[in-house]
Amino acid sequence: MDNMSATFYESKSGASEKSKIRSFFQNDNVVGYVFISPWLLGFFAFTIIPILASLFLSFTSYDLLSAPKITGLDNYIKMFTNDSKFWKSLNVTLIYVVTAVPLRLIFALAIAMIFTYRTRMEGLYRAIYYLPSLVGGSVAIAVLWKRMFGKDGILNAILSIFGVDSSINWIGNPKTSLLTLIILFVWQFGSPMLIFLAGLKQIPTSLYEAANVDGAKSYQKFFRITLPMLTPIIFFNLVMQTITAFTIFTQSFVISNGTGAPLDSLLLYSLYLYRKAFIFFDMSYGCALAWVLLLVVGITTAVLFATKKLWVYDD
Amino acid sequence: MKKIISGILCTVLMFTLVITGCSSTSSPSNSTSGSSAAASDSSTADSGNGQKIRVSWWGSQTRHEKTISVLDLYKSKNPDISFEMEYLSGPDYNTKLATQAATSQLPDLFQTDYGWISQYTQKGLIADLQKFVDDGTIDFTNVNKNVVATGQSGGKQYAVPLGINTTSMFYDPEVFKKAGIDKLDHAWTWQDYDKILTEVYKKTNISALPLYYHIPEALAEIIVRQQGYKLFNEDGTSLGFTDPAVIKPMFQRVLDLTKAGVYVSPDIWSTSNTTEDNGLVLGTASTSYGGSNQLISYIKAAGRNLDITAVPAEGTKTGSFVKPSMMFSINEKSSDDIKAKSAGIINFFINDEEAAKILLDERGVPVSTAIREIVKGLSDDDSKKVFEYVEYIEKNQGPADGWAPANSSEVYSVLADLYMQVAFQKITPEDAASSFIEQANEILAKNAK
């Protein structure tokens, strides 16, 4: 009896070592992690660790040529009390975001609405309207934009056909230069448009039929049915586009030739960050700027979420 | 059994992919720069059996080709050396060099610029070449001592200039002829400048581009020198002058001439950054500025004849001075043997006749007077104009200013901002002058450590 129980316990503990490891690897979660381990490695090495390093560096003084020296909150204090360009770039970026994002969403929704009238060329039109989103972030388009809105550009040529005498250099004039950037952003309304299209198709047609029975006019249908049903999609697009707009860099870099000229009217936040870090080699200040941007975007998103209850129709 | 086999197969597959992905390419990899069309490349030359020297420089495609030819020529004469070359377009080069410095991987021999070399020398990253000058490896007998001095700082020879150029103004002689002026005198003064440009504008309705509108620091240097000061003080901890009245004329002139229409309006030049965009090239302006070595590319882009002259003098004081267009420096951390060999290569660049025939004046006017004569003989009329002008300045200048101190790029950016603001009439010249002094001194005070 004792012998048997001893062997029983022995074999169980002997087998359990091996089977513990086995069952560990047969656990679904663990298998999942193993499969994504290459990506996880990359994520840690190229994303998480640099992010943490930049947080550390933001509390130092680091110019890339010599070792970082810890200086505490100096960078942040300087940013908020002694840096007029910081406020200017924040100002420019806020104006950009507040103007460009709603305009982009309005265009996206408007064109998406037009697609509800199904045509045979639907697929072609969708592709055409989506194309700017694909190529818009590129350097080539930014260079093209610069030419188009220059003094001898196409815009002035078109305006003069309509008899409007305009020889303004839209890009060189600090009052109008940000407008050209905003137009560039709005022009790439393709991606939110596709999302709106999907959202529009999900609205049950029974609602529209009921409205027709009640004799609703088309604008009533739009404001009473379409918009409210779309609010979750609008919310999603709003949040995603706002975050994107805060981080726009390429266009302002190329159009202003990396300087934010004229008169800092194109000095978007990420361009200012780039200049501080890579042209003036004040890497630590650049890191601090990056974290403040994270804070700004985080607060903006939080505010948007807080307003969600007021206008988003969740069923 | 099946599981083990498939496990092994998966691991093998994964490793194969990883190794393929991580293998270093021996073919040139291209990285494009943002705005300009200059190609940038980095290549590994064939690995010879001898000493490998890493060389890097910036420039246009023409320069890349010429430099590679010269290095190949050197290799054919010194077969025990092989080169690993890295070459990029301008702005990319700075970033790459700084990154290499941060990881202690600077090349052995690399191009440096007068404007930012002090950051590197202050951190002890660049070797003192004096001993190579003393033992004759680097031969300065045919080089003007002012030019040699441009590579020195604190009594040490940190760099060797490869070519000289200087500030200049380009103009369209056809436009000026219409106002009755055949050729501008290199010794003209600011009073002549105001008068002549206004005449030209009145008679032809073509405006001039403000001098140095994108890099006003070059103009500031000259104006300040004409009044007996230097832009920066000895140790780079403050400006070399305290009175706003010293720098105010620069702002006053751009305001007055812009208001009068004699200068092109700022919303046109504020975004004109490339040669192709430039007003003089396009024929919409009568003058523009540039380094003397840029005249040739401006003439090519404009497709018509352009002439070169000096930034106006204040009375008899030129203010202009010759600067190195670029210099070669040697990594302090390289071995003594490589340093000596690199010094020999530098000497080859500036003194060898065959090398000179390849390089010509692409990097500016040759520093050695002997080489200069050879290259002059091979040059066309336009290049001869440049030679004649640069030699005029070389003969008539005062001693050169020292290198720009660390953080000077921030000071320059403040100046460029203020210059543009004055042109846009957003700020008065008085305010611009005092604001510049205040901000610049604040930035430079950081150097007092």
Side-chain angles (χ1 to χ4, degrees), chain A residues 22 25 34-35 37-38 41 61-69 82 84-85 88 138-140 142-143 146-147 149-152 167-177 180 249-250 253-267 274-283, chain B residues 10 14 17-18 32-37 91-92 94-95 97-104 106 116 119-120 122-125 214 264-274 276-277 279 282 284 406-414 416-418 420-421 423-424 426-427 439 442-443 446 449:
Chain A
R22 276 206 147 176
F25 274 108
V34 168
F35 268 113
S37 57
L41 262 161
S61 163
Y62 182 49
D63 65 358
L64 200 64
L65 295 178
S66 50
K69 282 186 287 247
N82 197 11
S84 56
K85 280 225 191 219
K88 174 84 198 191
S138 68
V139 169
V143 173
K146 203 172 158 182
R147 275 258 167 270
F149 285 90
K151 187 160 182 264
D152 306 314
S167 54
I168 310 178
N169 180 355
W170 300 88
I171 305 241
N173 189 328
K175 296 201 194 92
T176 56
S177 49
T180 61
F249 169 76
T250 318
F253 180 77
V254 174
I255 293 183
S256 71
N257 208 45
T259 57
L263 289 189
D264 294 339
S265 55
L266 294 182
L267 191 71
Y274 175 86
R275 285 182 67 72
K276 268 293 178 187
F278 293 101
I279 299 193
F280 300 132
F281 287 115
D282 196 347
M283 294 284 167
Chain B
C10 280
M14 203 176 70
L17 290 171
V18 166
T32 47
S33 65
S35 42
S36 77
D92 297 341
N94 272 14
T95 320
L97 201 69
T99 319
Q100 285 173 326
T103 51
S104 297
L106 280 173
W116 45 257
Q119 288 176 346
Y120 289 82
Q122 279 178 0
K123 311 268 166 142
L125 296 168
H214 272 314
V264 172
S265 154
D267 58 349
I268 296 184
W269 54 255
S270 63
T271 50
S272 130
N273 311 102
T274 62
E276 291 75 25
D277 264 343
L282 295 172
T284 54
N407 290 315
S408 55
S409 50
E410 243 187 287
V411 174
Y412 295 155
S413 144
V414 168
D417 267 351
L418 289 168
M420 207 187 276
Q421 283 182 34
F424 271 109
K426 293 265 178 292
I427 184 178
Q439 291 187 60
E442 207 187 301
I443 294 171
K446 289 192 275 189
K449 282 193 208 127

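Since we're looking at a predicted model, the values are computed, not measured. Proteins come first, then strands; the chains are lettered A, B, ... in the order of their sequence lines, and each starts at number 1.
- S270(B) and G172(A) get closest at one heavy-atom pair: OG-O, 3.0 Å.
- No more than 12 heavy-atom neighbours from other residues, nucleotides or ligands sit within 6.0 angstrom of NZ on K175(A).
- Annotation: the span from F278(A) atom CZ to T99(B) atom OG1 amounts to 7.5 Å, rounded to 0.5 Å.
- Side-chain contact check for E410(B) versus D282(A): every heavy-atom pair is 4.5 Å or farther apart.
- Using modelled atom types and a 3.5 Å distance limit, the side chains of Q119(B) and D63(A) yield no donor-acceptor pair.
- For the atom pair E442(B) CD and N82(A) CG, the distance stands at 5.0 Å (nearest 0.5 Å).
- When each of A416(B), S104(B), S413(B) is checked for heavy-atom pairs under 4.5 Å with chain A, S413(B) comes out on top.
- A heavy-atom distance below 4.5 Å is not found between the side chains of P174(A) and M420(B).
- A distance of 9.5 Å separates OG of S272(B) from CG of N257(A), quoted to the nearest 0.5 Å.
- Under the 3.5 Å distance criterion, the side-chain polar atoms of D267(B) are left unmatched by any main-chain donor or acceptor of N169(A).
- How far CG of L418(B) is from CG of L263(A): 10.0 Å, rounded to the nearest 0.5 Å.
- Rounded to the nearest 0.5 Å, atoms NZ (K146(A)) and CG (D277(B)) are 5.5 Å apart.
- Here the side chain of S409(B) pairs no donor or acceptor atom with the backbone of F280(A) at under 3.5 angstrom.
- Note that CZ of F281(A) and CG of N407(B) are 12.0 Å apart. Values are rounded to the nearest 0.5 Å.
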